[in-house]
Amino acid sequence: FLSVSVFKAEAQGIDSLNITSTYITLGEAWYTDYFTSYTYSGRSFFKDENGGLHVAFIANYKLFYCYSEDGMTWSTEQVTSTHDGDFKEAVIYADADGSPHIAATVNPYFDYGNPTGIEYGDEFRYSVYYFFREEGNWLEEEVYNSTLIADWSGNYGCRVNELYRNLDGELVLTGNRYGWYTYGGELWEFTRNTEGTWSELSIIHAYNDTPVDHATEVSRSVLHSTGERNLIYTRPYNSSGIPELAYMNNTDGVWSAPVVLTTDLINHASWDLSVSPNEEMYLIHYSN
């Protein structure tokens, strides 16, 4: 079930809040197994420059797109592809003209919850695909193929974190390496140039200070008017075995070393970020 809430602060008191909840769509039930017990949709909501509202979500391992002009009335459509039954998560971005762009993580072995069971060695083969509209039709492009390494050492992939457009008009996709032999986590980046070509995988930063199969995740980028970029992300398991919130800066195409902001998190997802009109960043997190 997917809905959106509109909050209106009333003048009569600081504690007065009028909340209106609007039904968007009803998702489909899905089968689950050991490796397919849940999906989620990351940064799946976006408001474009003209106020249009865009949502991507996954139900029964299929990808759906919703749109509204006012938050009250919504349209919903399935983004059909050859990967139906294999979607794990999706993130969305929309241009100023309202054109949606979706990046999604896909495991080709999911098969609608994979009733026959995924074999060990294939559970983390997360590939990435990009979906966009052209003349009313959804088109797709492969960004990253996790099945190219056939043996067990290749049992890892990319889970998408966010999608945005930089000042040069290029699409930037950030994600994290997830799967076997991930010693502490890696932040990944792909770029689609204005000619429509995706770059090879670029590693923003790689940790190697934890036992096998730990990750970085839940990233949030801030693009400044100067072209400078900030990246804030979490590590659910650092070298001390606790979650941490970290920060990196990109100036002139070079990433800085990570800076730990806090390890005082109640869990790795308990934080959010806001950016003011003059590009100051405000971070709120829960203290444990």
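Scope of the values below: all heavy atoms of this structure, side chains included, with no hydrogens, waters or symmetry mates.
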Could you state whether [X] and [Y] fall into the same hydrophobic cluster, counting links through intermediate Ile, Leu, Val, Met, Phe, Trp or Tyr residues with side-chain heavy atoms under 4.5 angstrom apart?
X	Y	result
Val260	Leu231	no
Trp138	Tyr93	yes
Phe132	Leu173	yes
Tyr112	Leu63	no
Tyr207	Tyr237	no

Does [X] reach the main-chain N or O of [Y] with its side chain, forming a donor-acceptor pair under 3.5 Å?
X	Y	result
Ser276	Glu280	yes
Asp97	Ser99	yes
Thr197	Arg192	no
Ser146	Arg125	yes
Asp86	Asp111	yes
Thr234	Pro236	no
Glu279	Ser225	yes
Asp70	Thr73	yes
Ser240	Ile242	no
Arg165	Asp95	no

pair [X]-[Y]: side-chain heavy atoms closer than 4.5 Å:
X	Y	result
Val91	Ile102	no
Met248	Tyr233	yes
Glu69	Asn50	no
Ser221	Tyr164	yes
Ile232	Trp271	yes
Asp272	Arg220	yes
Glu142	Ser127	no
Asp168	Thr194	no

Smallest separation among heavy atoms of [X] and [Y], with atom names:
X	Y	value
His214	Thr182	O-CG2, 2.9 Å
Thr76	Cys66	OG1-SG, 3.4 Å
Trp180	Val212	C-CG2, 4.5 Å

Taking atom [atom1] of [X] as the centre, does the number of heavy atoms from other residues, nucleotides or ligands within less than 6.0 Å exceed 12?
X	atom1	answer
Leu148	CG	yes
Glu228	CD	yes
Tyr286	OH	no

Notebook entry, point to check: Taking it one step at a time, do Arg177 and Glu217 satisfy salt bridge (Lys or Arg N to Asp or Glu O under 4.0 Å)?
Noted result: CA-CA 9 Å; Arg177 187 190 196 274; Glu217 57 184 39; over 6 Å; no
Note to self: Go through it in stages, so that I can follow the logic: the residues are Trp188 and Tyr144, the test is ring-ring contact (aromatic ring centres under 6.0 Å, His included), and I'd like the CA-CA distance, side-chain angles, deciding distance and then a yes or no.
What the structure shows: CA-CA 11 Å; Trp188 287 6; Tyr144 172 79; 5.3 Å; yes
Margin query: Please verify the inter-ring angle class for Tyr129 with His83; under 30° counts as parallel, over 60° as perpendicular, anything in between as tilted.
Written below: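 Tilted: the ring planes of Tyr129 and His83 meet at 30° to 60°.
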Checklist line | Aromatic plane relationship, Tyr67 with Tyr65 - under 30° parallel, 30 to 60° tilted, over 60° perpendicular | finding: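 Because their plane-to-plane angle is under 30°, the rings of Tyr65 and Tyr67 count as parallel.
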Item checked: side chain to side chain contact (heavy atoms under 4.5 Å, CB included) partner of Phe190, the single match among Leu201, Leu163, Thr174 ->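 Of the listed options, the one satisfying the test is Leu201.
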Notebook entry, point to check: Under the salt bridge (Lys or Arg N to Asp or Glu O under 4.0 Å) rule, what pairs show up with a residue in residues 21-35, not counting sequence neighbours?
Noted result: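 For residues 21-35: Glu28-Lys62.
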Please report the interatomic distance [atom1]([X]) to [atom2]([Y]), rounded to the nearest 0.5 Å.
X	Y	atom1	atom2	value
Tyr126	Asn107	OH	CG	6.0 Å
Tyr156	Asp213	OH	CG	12.5 Å
Ser44	Glu89	OG	CD	10.5 Å
Leu261	Leu245	CG	CG	5.0 Å
Tyr181	Trp152	OH	CH2	9.0 Å
Leu171	Asn193	CG	CG	10.0 Å

Margin query: Does Asp252 form a salt bridge (Lys or Arg N to Asp or Glu O under 4.0 Å) with Arg229? I'd like the steps, not just the answer.
Written below: CA-CA 9 Å; Asp252 297 327; Arg229 291 188 289 160; over 6 Å; no
Next item on the list: Start with the C-alpha distance between Glu186 and Thr216, add both sets of side-chain angles, then the distance that settles side-chain hydrogen bond (donor to acceptor under 3.5 Å, both in side chains), and finish with yes or no.
Entry: CA-CA 6 Å; Glu186 291 182 10; Thr216 58; over 6 Å; no
Next item on the list: Mind running side-chain contact (heavy atoms from CB on, under 4.5 Å) on Asn161 and Asn176 for me, showing each step along the way?
Entry: CA-CA 7 Å; Asn161 284 342; Asn176 64 282; 3.4 Å; yes
Margin query: Tyr61 and ring pair (Phe, Tyr, Trp, His ring centres under 6.0 Å): which single residue from Tyr109, Phe110, Phe87, Tyr31 fits?
Written below: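 Testing Tyr61 for a ring pair (Phe, Tyr, Trp, His ring centres under 6.0 Å) against Tyr109, Phe110, Phe87, Tyr31 leaves exactly one candidate, Phe110.
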Next item on the list: Start with the C-alpha gap between Cys158 and Tyr178, add the side-chain angles, then the distance that decides, and say whether side-chain contact (heavy atoms from CB on, under 4.5 Å) holds.
Entry: CA-CA 6 Å; Cys158 179; Tyr178 196 93; over 6 Å; no
Would you kindly say whether [X] and [Y] are connected by a side-chain donor-acceptor distance under 3.5 Å?
X	Y	value
Tyr130	His101	yes
Asn230	Tyr247	yes
Glu244	Thr262	no

Next item on the list: Could you walk me through whether Thr25 and Phe64 pass the side-chain contact (heavy atoms from CB on, under 4.5 Å) test, one step at a time?
Entry: CA-CA 10 Å; Thr25 186; Phe64 294 85; over 6 Å; no
Item checked: Contacts of Glu123 that satisfy salt bridge (Lys or Arg N to Asp or Glu O under 4.0 Å) - sequence neighbours left out ->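 Residues passing salt bridge (Lys or Arg N to Asp or Glu O under 4.0 Å) with Glu123: none at all.
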Next item on the list: Go through the steps to decide whether Glu189 and Trp255 satisfy the test side-chain contact (heavy atoms from CB on, under 4.5 Å), and finish with yes or no.
Entry: CA-CA 12 Å; Glu189 183 175 78; Trp255 286 102; 3.9 Å; yes
